[in-house]
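Mind having a look at this structure? Questions to follow.
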Amino acid sequence: MDFIDLKSSCIIADKVYSQYQQRKCFKNVTVDIDNNIFESIVFKPGFIIENTLIITNIDGKPNFRRVRFCLRIPFEVTTKNRNIIEGYLPDIYKDIVMFMPQTRDEFDFEILVETSSKLLSKPAIVNNQLSFAVGTFIIIKSIGKVQLLIPSFGFCPEPPLCEKYTEKFIYDDFKSRKFPDFYPTQNKSSTKDITLSQLHSEEEYVTASGNLTIEKYITSGPLEVNEGELNTWQIEIRVVNDGYDSVSNIVMTDTLLLDNLDNINILSITQGTTSQKDDQIFWDIGILNSGTTVIFAAEVTGSFDIIDKTINVENSQYNTISDGIKKDFTNTDELTIYGDKGIPNPNKVSWFNLFINGVLQPKINYVVQEGLLTLTTADIPNKRVPIILQYLVIKDKNNQLLKTDIYQYNTLSTEKKIYTNADELTIYGSKGVLDPEKTSYQHLFINGIIQPNINYIIKEGLLILKTEDAPIENSSITIQFITLFFK
C-alpha cells in the first residue's frame, strides 16, 4: 500500500448542534390569478420573519431552550403569458424545545430553517381563484460557529480537464439503473418512550420521532347538575401519533373530577388495556405507530357536592408607562401607586393578559419572565402609553394551581359582520376560530374593548357580529379562547 501523508487542518465552520423535522399541510391555499391561465407553481425557501425569533431558557433543563418564531414560505405562480404572481403560504408559528448547550455569553446560536414544499393535488381554478393543497417538510437546526480540527491531504490538486457534453438517450439511462426491490421494506425506525399523562388536549409535544396529541370529550350527559344528584356521562379520549415514528410504552392517566364516583363502565378501547384506582383511569396503550389514532370510551356515573367548591382567584396587575425608547420593563418600572408585587414567576400564574394602550396583545408580541416583561414587536409604544400586565392565579379547594391554554384569533375589520378562518392574521396564529365547545370560555375584544355576549356568536371557524353597526375599517378584532386544566 502507498504511504498517505495525512495532516490536520484547523478550520472555522458552522456546526449543527441539534436538528428537528416536522411536516405541515395546507389543505386550501388560494391565489387570485385574474383571467390568466395557470401554468406552474414554484416554492421558494422558507425564512423566519424578522423580529419573531425568541429564544428563552427553560427552568430545570439547562442545556435546552424554548425557541419560538414565525416561518413564512414564498411561492411564485407562473401563467401561460409568462406573468409571475407572488404569494406566501399561511405563516407557520413554531414553539419548540431545542438542544442548545450552555456557552459563554459571547457565543450565539443561529436558528436555521430549511423547507421543501410540494403540491399534494392538482390545482383547480374557480372564479379566477387558483386553489391548491401543499405539504411542507421542515428541518429546524441550531447552529454555532466553531473551530474544528479535521484530517487533511493538503491543498486541492490541479483540476481535471472539462468533459465535453454528449447527448444521451433515455434507454441508455434505463440500462444503467439499479434493479428495484420487489417487496416492501420493514419499518426500521427507532422508538421513543413518552408518558401521555404529561400531555394536554390542546398542546403538541414534538420529538425527533413521535408527535403525540390527546383530546378528551364528553359525548353525552348533562352539562348542568344538582347537588348530590347521580348522573351518567359518556366520555371519549383520543390519542393520535401524527409524527414520523412509532412511540412505545404509552400510559395515559385520566382523573375523574367527581366528588362521589359511583361507577365506571368501559365501553370500548381500540388498543391496549385499562385499569382503575380510586378516581383515576390508567390506559396502557403500548406502542402507537405513526399516523395511528386510538380511542377509549367509557360511561361514568357520579355526583358533585356544592359545599367547598369555590375556586380561589387572585386577579392582579403590573402597571407601567412606556418611555418611547425601551422594550424591556422590570419591577423597578412599576407604578407602585397601583400595586407593588412586580412581575411574577410564570410558573406560579394561571395566565397573563398584556394590554398596551388598552388593546389586548397577541402572545407572540411579548415574553414574561420573573421580574421582566419584554416586548417582541418591531415598534415601541409611544411615550406615556400605559402598559398593563394582568395576571390571574386560580387555585382549587386543595390549593392546586390551575393552568391554562390560551389561543387568540386576530383579524382586522373590513366593515363586515361575518369573519372566518380565511380572515385570520396568520402572523399571530393560524388555528382559526376554535370550537367553543372544546374550550372553557372565550372573550371578544373589538378595538381593545371587551364585548357583551349578546353582541356576537362564535362557532367553529365562524364569528358573527350581532350589533347593528359593523366595526369601522381596520379596527382590531380579537377572540381570546381560554382552556383551564390542572397543572
Side-chain angles (χ1 to χ4, degrees), residues 14-31 40-50 52-55 64-78 86-100 109-124 130-144 180-181 184-192 194 203-213 240-247 288-293 364 421 424 426-427 429-432:
D14 289 330
K15 173 179 170 59
V16 178
Y17 277 85
S18 62
Q19 57 181 335
Y20 307 87
Q21 61 173 320
Q22 195 167 19
R23 306 182 191 195
K24 182 71 176 179
C25 290
F26 303 100
K27 297 180 181 179
N28 186 23
V29 180
T30 59
V31 180
S40 64
I41 299 177
V42 176
F43 297 97
K44 302 295 184 179
F47 61 91
I48 296 176
I49 299 175
E50 187 177 1
T52 64
L53 178 62
I54 305 171
I55 303 175
F64 291 83
R65 309 282 181 87
R66 181 184 180 186
V67 179
R68 289 170 284 176
F69 59 85
C70 200
L71 175 65
R72 181 171 291 172
I73 301 174
F75 63 83
E76 291 181 352
V77 176
T78 303
E86 297 180 345
Y88 298 98
L89 297 180
D91 291 340
I92 303 170
Y93 178 67
K94 303 304 300 175
D95 187 351
I96 62 174
V97 175
M98 299 186 69
F99 173 74
M100 298 168 68
F109 285 99
E110 179 185 359
I111 303 301
L112 178 66
V113 177
E114 295 181 293
T115 60
S116 176
S117 303
K118 305 291 183 183
L119 288 174
L120 300 180
S121 62
K122 185 178 179 180
L130 180 69
S131 176
F132 54 91
V134 182
T136 297
F137 297 89
I138 305 170
I139 298 179
I140 306 168
K141 303 179 181 182
S142 63
I143 294 175
D181 292 330
T185 58
Q186 296 187 47
N187 183 6
K188 299 180 181 179
S189 302
S190 61
T191 59
K192 185 176 181 67
I194 190 168
E203 296 184 275
E204 289 188 350
Y205 291 75
V206 180
T207 69
S209 54
N211 183 32
L212 298 175
T213 58
V240 184
N241 179 8
D242 51 8
Y244 318 118
D245 261 333
S246 302
V247 180
L288 191 58
N289 293 326
S290 174
T292 303
T293 300
I364 195 175
N421 295 347
E424 185 171 21
T426 54
I427 189 173
S430 57
K431 293 183 180 180

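FYI, the numbering just counts along the sequence from 1.
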Can you see which heavy atom on G46 is nearest to which on I73, and at what distance?
->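 Heavy atoms only, the tightest pair is CA-CG1, 3.9 Å.
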Is the shortest heavy-atom distance from the side chain of T136 to the side chain of F43 under 4.5 Å?
->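 Side chain of T136 against side chain of F43, heavy atoms only: no contact under 4.5 Å found.
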Taking atom CD1 of I427 and atom SG of C70, what is their separation to the nearest 0.5 Å?
->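 Separation between the atoms: 5.5 Å.
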Atom pair NZ/CD of K44 and E86 - distance to nearest 0.5 Å =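 Going from NZ on K44 over to CD on E86, the span is 8.5 Å.
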From T30, V77, V29, residue fulfilling side-chain contact (heavy atoms from CB on, under 4.5 Å) relative to L130 |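 With L130 as partner, T30, V77, V29 yield a single side-chain contact (heavy atoms from CB on, under 4.5 Å), made by V77.
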Who pairs with R66 by side-chain hydrogen bond (donor to acceptor under 3.5 Å, both in side chains), at least two apart in sequence or on another chain?
->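 Per chain and number, R66 pairs via side-chain hydrogen bond (donor to acceptor under 3.5 Å, both in side chains) with D95.
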Which is it for I55 and M100 under the side chain to side chain contact (heavy atoms under 4.5 Å, CB included) test, yes or no, and what are the steps along the way?
-> CA-CA 10 Å; I55 303 175; M100 298 168 68; 4.1 Å; yes
Does F137 have any ring pair (Phe, Tyr, Trp, His ring centres under 6.0 Å) partners at least two apart in sequence or in another chain, and if so, which?
->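 In terms of ring pair (Phe, Tyr, Trp, His ring centres under 6.0 Å), with neighbours along the sequence ignored, F137 is linked to no residue.
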Spacing of F99 atom CZ and R65 atom CZ [to the nearest 0.5 Å] =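 Taking CZ in F99 and CZ in R65, the distance rounds to 10.0 Å.
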For the side chain of E424 and the backbone of G432, is there at least one donor-acceptor N/O pair under 3.5 Å apart?
->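 It does hold such a pair.
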Under the 3.5 angstrom rule, does the side chain of S131 hit a backbone N or O of N28 as a donor-acceptor pair?
->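 Looks like no, no N/O pair under 3.5 Å.
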Return the set of residues passing ring pair (Phe, Tyr, Trp, His ring centres under 6.0 Å) with F109 (not counting sequence neighbours), or none when no residue passes.
->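 For F109 the ring pair (Phe, Tyr, Trp, His ring centres under 6.0 Å) partners, ignoring immediate neighbours, are Y17, F107.
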To the nearest 0.5 Å, what is the distance between CD (E110) and CD1 (I48)?
->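 Those atoms lie 8.5 Å apart.
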Nearest 0.5 Å, what's the NZ-SG distance between K27 and C25?
->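 If we round to the nearest 0.5 Å, K27:NZ and C25:SG are 8.5 Å apart.
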S246 and N289: side chain donor to acceptor below 3.5 Å |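 The answer is yes; a qualifying pair exists.
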Could you tell me which non-hydrogen atom of S116 sits nearest to which non-hydrogen atom of K118, and how far apart they are?
->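 For S116 and K118, the tightest heavy-atom pair comes out as OG-CE, 3.7 Å.
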Of all the heavy-atom pairs spanning G135 and L120, show the shortest one and how long it is.
->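 Looks like N-CG, 3.4 Å.
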In this structure, are over 12 heavy atoms from other groups packed under 6.0 Å from Y88 atom OH?
->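 Open: at most 12 neighbouring heavy atoms sit under 6.0 Å from OH of Y88.
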Passing option when I140 is tested against L112, T115, V67, I111 for side-chain contact (heavy atoms from CB on, under 4.5 Å) |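 When L112, T115, V67, I111 are each tested with I140, the side-chain contact (heavy atoms from CB on, under 4.5 Å) holds only for I111.
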So do R68 and I364 actually touch side chain to side chain, heavy atoms under 4.5 Å?
->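 They are not in side-chain contact.
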Which heavy atom in V134 sits nearest to a heavy atom in S117, and how many Å separate them?
->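 Looking at all heavy atoms of both residues, the shortest contact is CG1-CB, 4.1 Å.
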Would you call Y20 and V97 a side-chain contact if the rule is heavy atoms closer than 4.5 Å?
->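 The answer is no, as the side chains (C-beta and beyond) never meet within the 4.5 Å cut-off.
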May I ask you to decide if L71's main-chain N or O and T52's side chain share a donor-acceptor pair within less than 3.5 Å?
->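 No, the answer is negative, given that no donor and acceptor are paired below the 3.5 Å cut-off.
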Would F69 and F47 satisfy side chain to side chain contact (heavy atoms under 4.5 Å, CB included), going step by step from the backbone distance to the final call?
-> CA-CA 10 Å; F69 59 85; F47 61 91; over 6 Å; no
Taking atom OH of Y93 and atom CD1 of I49, what is their separation to the nearest 0.5 Å?
->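 It comes to 12.0 Å.
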